[in-house]
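Notes for the one structure printed next.
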Amino acid sequence: MNNYYRVTAYYKNEDLSFIVDSNGLFEKLWEFSAYLVEKDIDIIEVSKEENMLDVNISPAEEDTEHFILRAIADGKPEYINQVIDGTTYKAIKVADKIYIPSKEEII
């Protein structure tokens, strides 16, 4: 079984944010985050597949050689409220892509 992780990050040198997934490239979530931090990228959210809820991002296919860019936008990511099945969650948005980093963060 591959480890599916998602990171939302902000790259201040270019004033852009992005959502990126790893499905098999990194064994541990901290390895994925550490790789990005080494590139002078600020980590905003980190999620394991079992803890997050997709709103309008389909799961990425397995890829043990690359991570997958899901969204990119100018500026910092935006936090919004997202209602799913009558429950309001804290969600994050980059461009038009939205997901809930932790299904435990109910508003």
Side-chain angles (χ1 to χ4, degrees):
M1 180 176 129
N2 289 320
N3 296 315
Y4 195 110
Y5 307 123
R6 178 169 292 155
V7 173
T8 302
Y10 176 71
Y11 185 51
K12 61 184 171 258
N13 295 342
E14 298 291 332
D15 188 32
L16 61 88
S17 58
F18 59 90
I19 298 171
V20 63
D21 288 357
S22 170
N23 187 5
L25 180 60
F26 297 97
E27 184 176 332
K28 303 283 184 188
L29 179 55
W30 69 264
E31 294 171 325
F32 190 15
S33 298
Y35 175 83
L36 296 171
V37 168
E38 287 174 2
K39 308 294 183 205
D40 199 27
I41 294 170
D42 296 328
I43 306 301
I44 307 300
E45 292 285 352
V46 296
S47 303
K48 294 181 178 181
E49 180 180 38
E50 60 268 18
N51 297 332
M52 68 181 167
L53 293 172
D54 284 320
V55 175
N56 65 351
I57 304 174
S58 300
E61 303 239 350
E62 178 184 353
D63 189 332
T64 58
E65 296 180 22
H66 307 95
F67 47 83
I68 302 98
L69 183 64
R70 309 315 304 265
I72 190 166
D74 290 332
K76 292 186 176 183
E78 177 184 358
Y79 283 100
I80 63 171
N81 293 340
Q82 183 70 42
V83 179
I84 297 178
D85 296 330
T87 302
T88 304
Y89 296 93
K90 177 182 170 185
I92 196 158
K93 178 180 177 184
V94 173
D96 65 341
K97 298 299 183 186
I98 302 168
Y99 77 101
I100 296 159
S102 172
K103 55 188 169 188
E104 302 299 320
E105 288 201 47
I106 299 172
I107 297 176

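Small disclaimer: the values here were computed from a predicted structure and weren't measured. Heads up: numbering here begins at 1 and tracks the sequence. Values below: every heavy atom of this structure, side chains too, minus hydrogens, waters and symmetry copies.
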Can you tell me how far apart NE2 (His66) and CG (Asp21) are? Round to the nearest 0.5 Å.
15.0 Å
Can we call the ring centroids of Phe67 and Phe32 under 6.0 Å apart?
yes
So do Glu45 and Tyr79 actually touch side chain to side chain, heavy atoms under 4.5 Å?
yes
Taking atom CD1 of Ile44 and atom OG1 of Thr8, what is their separation to the nearest 0.5 Å?
8.0 Å
Path from Ile43 to Ile92 over hydrophobic side-chain contacts below 4.5 Å:
no
Can you tell me how far CD of Glu105 sits from CG of Leu53, rounded to the nearest 0.5 angstrom?
11.5 Å
Under the criterion side chain to side chain donor-acceptor pair (under 3.5 Å), I'd like the reasoning laid out for Ser33 against Tyr5: C-alpha separation, chi angles, the key distance, then a yes or no.
CA-CA 10 Å; Ser33 298; Tyr5 307 123; over 6 Å; no
Quick one, Asp15 with Tyr10, criterion side chain to side chain donor-acceptor pair (under 3.5 Å). Give me CA distance, side-chain angles, the key distance, then yes/no.
CA-CA 7 Å; Asp15 188 32; Tyr10 176 71; 2.5 Å; yes
Taking the side chain as every heavy atom from C-beta outward, state whether Leu36 and Val20 have any atom pair closer than 4.5 Å.
yes
Provide the closest heavy-atom pair for Gln82 versus Ile98 in the form atom of the first, atom of the second, distance.
OE1-CG2, 3.9 Å
Closest heavy-atom pair, Ala9 versus Pro77, reported as atoms and distance to 0.1 Å, is O-CG, 4.5 Å
Let me see the working for Leu25 and Glu31 under side chain to side chain contact (heavy atoms under 4.5 Å, CB included), right down to the final yes or no.
CA-CA 10 Å; Leu25 180 60; Glu31 294 171 325; over 6 Å; no
Do Lys97 and Asn56 have side-chain heavy atoms sitting under 4.5 Å apart?
yes
Stepwise side chain to side chain contact (heavy atoms under 4.5 Å, CB included) check, Asp63 with Asn23:
CA-CA 6 Å; Asp63 189 332; Asn23 187 5; 5.7 Å; no
Regarding Lys103 and the six-membered ring of Tyr89, is the cationic atom NZ or CZ under 6.0 Å from the ring centre and inside 45° of its axis?
no
Tell me whether Asn3 contacts the main-chain N or O of Lys28 through its side chain, where contact means a donor paired with an acceptor under 3.5 Å.
no
Linking I/L/V/M/F/W/Y whenever any side-chain heavy atoms sit under 4.5 Å apart, do Ile57 and Tyr4 land together?
yes
Identify the two heavy atoms, one from Ile100 and one from Lys90, that lie closest to each other, and give their separation to 0.1 Å.
CG2-O, 3.7 Å
Leu69 and Val37: same hydrophobic cluster, using ILVMFWY side-chain contacts below 4.5 Å?
yes
Ser47 and Tyr99 have their tightest heavy-atom pair at OG-CE1, 3.8 Å
Indicate the atoms forming the closest heavy-atom contact of Ala95 with Ile72, along with that distance.
CB-O, 3.7 Å
Six-ring centre of Tyr35, Lys39 cation under 6.0 angstrom, axis tolerance 45°:
yes
Transitively linked via ILVMFWY side-chain contacts under 4.5 Å: Ile41 with Val94?
no
Student check: side-chain heavy atoms of Asp54 and Arg6 closer than 4.5 Å:
yes
Is there a donor-acceptor pair closer than 3.5 Å between any side-chain N or O of Arg70 and the backbone N or O of Phe18?
no
Lys/Arg-Asp/Glu bridge criterion (N-O < 4.0 Å) met for Asp42, Lys76:
no
